[in-house]
Amino acid sequence: MAEKITPRHVDYSRWYTDVVLQAKLADYSPVKGAMVIRPNGYAIWEMIQQNLDRMFKESGHVNAYFPLLIPESFMKKEAEHVEGFSPECAVVTIGGGQELEEPLYIRPTSETIIWSMYKKWIMSYRDLPILINQWANVLRWELRTRLFLRTSEFLWQEGHTAHATFEEAEEETMRILDIYKTFAEEYLAIPVIPGRKSEAEKFAGALHTYSIEAMMQDRKALQAGTSHNLGQNFAKAFDVKYQDKEGQLQYVWATSWGVSTRLIGAIIMTHADDNGLVLPPKIAQRQVVIVPIWRGDDEKKQVLEYADGIRQELKQEFNVILDDRDQYKPGFKFAEWELQGIPVRLEIGPKDLSKNGAVLVRRDLMKKEFIDRKGILETVRQTLNQMQKDMLERARKFQQDNTHDVDDYDKFKEIIAGEGGFIRSHWCGDPACEAKIKEDTKATIRNIPFDREEEKGKCIVCGKESNGRVIFAKAY
RNA sequence: CGGGGCGUAGCGCAGUCUGGUUAGCGCACCUGCCUUGGGAGCAGGGGGUCGGAGGUUCAAAUCCUCUCGCCCCGACCA
């Protein structure tokens with residue numbers, strides 16, 4: 001605990017790792033590329049799950065669970081899909097000491113196993129839509145991993161829906177992207193840009209991929225969620241047809257969508273500071289910590305009694321911890337809870353007792369403020385609400401301040417190589433221009449924003465006509 | 001797979017170049033005292049097959065050979 005976090009301006013990458021390890025969110029595991037999610041980190045995942053799960057269910061989705069192992073032949077049925085995922089799959093070839101007749105892939109994603117089942121379940125238009133989600137782990141043999149942002153095994157949710165028409169599938173794809181956006185902004189306090197992925201960046205096997213893109217504190221982009229319109233690709237690969245009202249056989253239309261434990265990385269890289277994690281109140285399992293301060297046994301007794309009264313009151317609405325550990329001094333406790341990102345700290349000592357109040361410190365502002373004992377529940381409630389709003393607005397301002405409209409390719413290259421950020425530039429739509437930019441600068445098209453304005457312009461690379469700007473950035 | 005760095009106590013490291021009593025330091029941990037409004041102090045204590053295997057030597061953490069593993073940076077990706 002005495003270890004200091006590497007400041008962001010010294011080494012952003014080290015800072016990130018320091019925060020994850022020291023806030024006890026995760027730890028390196030004995031298996032290369034895999035991590036252990038520790039209780040502090042898992043608590044964040046549980047909050048993500050609870051809230052998203054509720055939002056999915058409110059929009060008509062249900063949960064199910066499909067197997068971890070997928071027959072090799074399934075993986076090979078959709079051409080683009082197998083090409084995209086095969087190189088990064090782990091494959092089981094031995095079971096019960098015997099060589100298996102058919103190797104089993106550990107799922108990198110579940111489209112294939114799920115659509116093999118949908119074939120059994122879908123007969124008629126009356127069976128549609130199917131709106132299934134699953135919370136699961138998946139495995140991708142990543143070459144270079146980073147805690148939460150990219151690990152070989154990760155936790156996520158994957159939705160897999162089946163529809164009668166393209167329009168319905170497209171609608172579903174958008175509905176989910178909207179849920180992701182709402183969740184990211186209202187709960188995680190991370191402003192995101194929703195849009196469509198270019199052909200080069202879309203999911204292996206999808207017709208269209210949509211994403212929400214967030215900006216991290218180092219001005220790089222992080223894809224925070226994706227929603228795919230899979231068209232009829234998987235229905236055709238797995239021969240899933242339904243009979244419509246007219247008695248005609250039709251291929252089913254599909255979507256899939258997911259967010260992962262990567263969101264925890266996004267929270268850190270959006271909000272955390274050189275003192276550690278800063279959790280948006282709505283995603284913090286513990287919103288309030290009370291640090292009592294005393295001198296001698298008499299004071300200790302009085303202070304703890306008073307502090308416990310406050311805890312009881314706040315407990316009605318919030319998860320509160322009273323840190324009465326004897327072996328640590330207050331300063332140590334301040335630092336430790338700051339590291340873990342608890343949104344609000346109340347310091348309660350003899351001075352506060354005599355003035356009938358407490359000292360409140362918001363984690364994001366780190367300013368001490370005396371508050372009255374009376375109405376403390378309301379004060380804390382308002383503080384947390386305000387903090388949630390402020391965090392989103394602060395992140396939004398940062399994103400806006402680091403987004404540039406650029407019409408000159410040299411300037412484009414200069415910004416990407418220098419300060420970074422999001423660049424809004426015209427693009428003709430040609431994958432060759434996109435590839436050239438990636439080669440020259442390592443920046444990619446993050447997405448084509450839904451809310452972009454129609455605007456005549458010239459492609460930043462080739463100068464051909466363009467109808468609007470797309471977002472370029474270096475990404476995680 | 002390419003480039004870089006590193007394996008010595010739970011963590012972070014020194015010692016290795018130049019071989020030599022009992023392998024050392026900081027943090028953490030345990031006991032006691034003392035402390036408590038920003039990461040306290042004092043005293044005592046526990047904890048090591050020096051990543052592994054082989055070799056050279058009177059003697060190896062240190063030299064030689066092989067090997068295993070990890071981290072960071074790049075190409076791929078939620």
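Proteins get letters first, then strands, A, B, ... in listed order; numbering begins at 1 in each.
For the pair A:R150 CZ and B:C73 C1', the computed distance is 13 Å after rounding to whole Å. Note: CZ (A:R14) to P (B:G4) measures 20 Å, nearest angstrom.
Rounded to a whole angstrom, the distance from the P atom of B:G38 to that of B:G46 is 35 Å. Here the separation of B:U56 from B:U65, taken at their C1' atoms, is 11 Å to the nearest Å. Rounded to whole Å, the C1' atom of B:U18 lies 14 Å from the corresponding atom of B:A60.
Residue A:V259 is classed as having no contact, given no heavy-atom separation below 4.0 Å to the nucleic acid. In this structure, A:K333 reaches neither bases nor backbone, as no heavy-atom distance under 4.0 Å exists between it and the strands shown. Base contact: A:G349 has a heavy atom under 4.0 Å from a base atom. Within 4.0 Å (heavy atoms only), A:R345 reaches at least one base atom of the nucleic acid. Among the atoms of the strands shown, base atoms are found under 4.0 Å from some heavy atom of A:T151. Across all strands, A:Q223 comes closer than 4.0 Å only to sugar-phosphate atoms, never to a base (heavy-atom distances). When heavy atoms are screened at a 4.0 angstrom cut-off, A:L149 is found touching base atoms of the nucleic acid. Counting any heavy atom pair closer than 4.0 Å across all strands shown, A:P87 reaches no nucleic acid atom.
Both tests do not hold together for A:K197 against A:F203: distance to the six-membered ring centre under 6.0 Å, angle to the ring axis within 45°. For A:K220 and A:Y476, the positive end sits near the middle of the six-membered ring, less than 6.0 Å away and at most 45° from its axis. Cation-pi geometry between A:R8 and A:W15 is met: the NZ or CZ atom falls under 6.0 Å from the ring centre, inside 45° of the normal. Judged by the 6.0 Å distance and 45° axis criteria, A:R345 is positioned over the aromatic ring of A:F334.
Nearest nucleotide to the side chain of A:F334, out of B:G38, B:A40, B:G39: B:G38. Distance from the side chain of A:S13 is smallest to B:C73 among B:C76, B:C73, B:G39.
With hydrogens and angles ignored, no donor-acceptor pair closer than 3.5 Å exists between the side chain of A:R295 and the base of B:G37. In this model, a side-chain donor or acceptor of A:E338 finds a partner on the base of B:G38 within 3.5 Å.
At B:G37, none of the side-chain N or O atoms of A:K368 fall inside 4.0 Å of OP1 or OP2 (strictly under the cut-off). Under 4.0 angstrom from either OP1 or OP2 of B:C72 there lies at least one side-chain N or O belonging to A:Y28.
Where stacking is scored as ring centres under 5.5 Å apart with planes under 30°, A:W156 does not register as stacked on the base of B:A78.
Atoms CG and OG1, from A:D18 and A:T6 in turn, are 3.5 Å apart once rounded to the nearest 0.5 Å.
Comparing A:K202 and A:M366 by the nucleotide of RNA chain B whose heavy atom lies nearest to each, the residue mapping closer to the 5' end is A:M366.
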